[in-house]
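Everything below concerns the one structure shown next.
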Amino acid sequence: MAESAALLVDEVFAEQPVRQWVLSVPYPLRFLFASHPAIMGRVLGIVYGCIATHLIKKAGFSRKTAQAGAVTLIQRFDSALSSTLRFVC
């Protein structure tokens, strides 16, 4: 894991513009996603698609001519160790 983080910081993020997006999930969905990770994965795919489309259009391109990439961290607990779910893209 540390090697992957070092690679991203040294070789990817250093050369590309980066924008961080954070999506906090409401309580009822947190418990659903905790018990059904496949659903969480599908929702994350939808979130990524919306963000990528927004960024591509804002840059003046279309989905056919441009591509966006993302590294997403899933935060499941906050500093008080209470159940929280955030996608940090």
Side-chain angles (χ1 to χ4, degrees):
M1 172 97 88
E3 289 179 14
S4 298
L7 174 73
L8 289 171
V9 169
D10 295 340
E11 297 186 23
V12 177
F13 294 154
E15 299 175 14
Q16 302 299 322
V18 176
R19 172 77 169 115
Q20 180 176 329
W21 297 77
V22 178
L23 173 70
S24 295
V25 179
Y27 283 107
L29 292 179
R30 293 175 190 180
F31 300 112
L32 173 70
F33 292 165
S35 60
H36 297 90
I39 295 173
M40 180 179 60
R42 294 189 70 180
V43 169
L44 180 57
I46 293 168
V47 168
Y48 167 73
C50 291
I51 292 171
T53 300
H54 168 74
L55 292 174
I56 289 169
K57 286 184 178 181
K58 186 137 181 135
F61 296 101
S62 70
R63 294 282 293 185
K64 292 181 180 179
T65 60
Q67 199 172 21
V71 174
T72 303
L73 304 172
I74 300 173
Q75 180 181 358
R76 296 181 180 272
F77 297 97
D78 61 13
S79 61
L81 293 179
S82 60
S83 178
T84 184
L85 184 64
R86 293 185 183 103
F87 298 132
V88 182
C89 303

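None of these values were measured; they are calculated from a predicted model.
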Residues that Arg42 engages under side chain to side chain contact (heavy atoms under 4.5 Å, CB included), provided they are two or more places apart: none
By ring-ring contact (aromatic ring centres under 6.0 Å, His included) - contacts of His54 (at least two apart): Trp21
Nearest heavy atoms of Gly49 and Arg63, plus distance in Å: O-NH1, 4.0 Å
Side-chain cluster (under 4.5 Å, hydrophobic types only) that Ile56 belongs to, other residues: Phe61
Note, Tyr48 side chain near Thr72 side chain (heavy atom, < 4.5 Å): no
Contacts of type side chain to side chain contact (heavy atoms under 4.5 Å, CB included), residue Ser35, not counting sequence neighbours: none
Under the side chain to side chain contact (heavy atoms under 4.5 Å, CB included) test, residues paired with Pro26 that sit two or more places apart: Pro28, Leu29
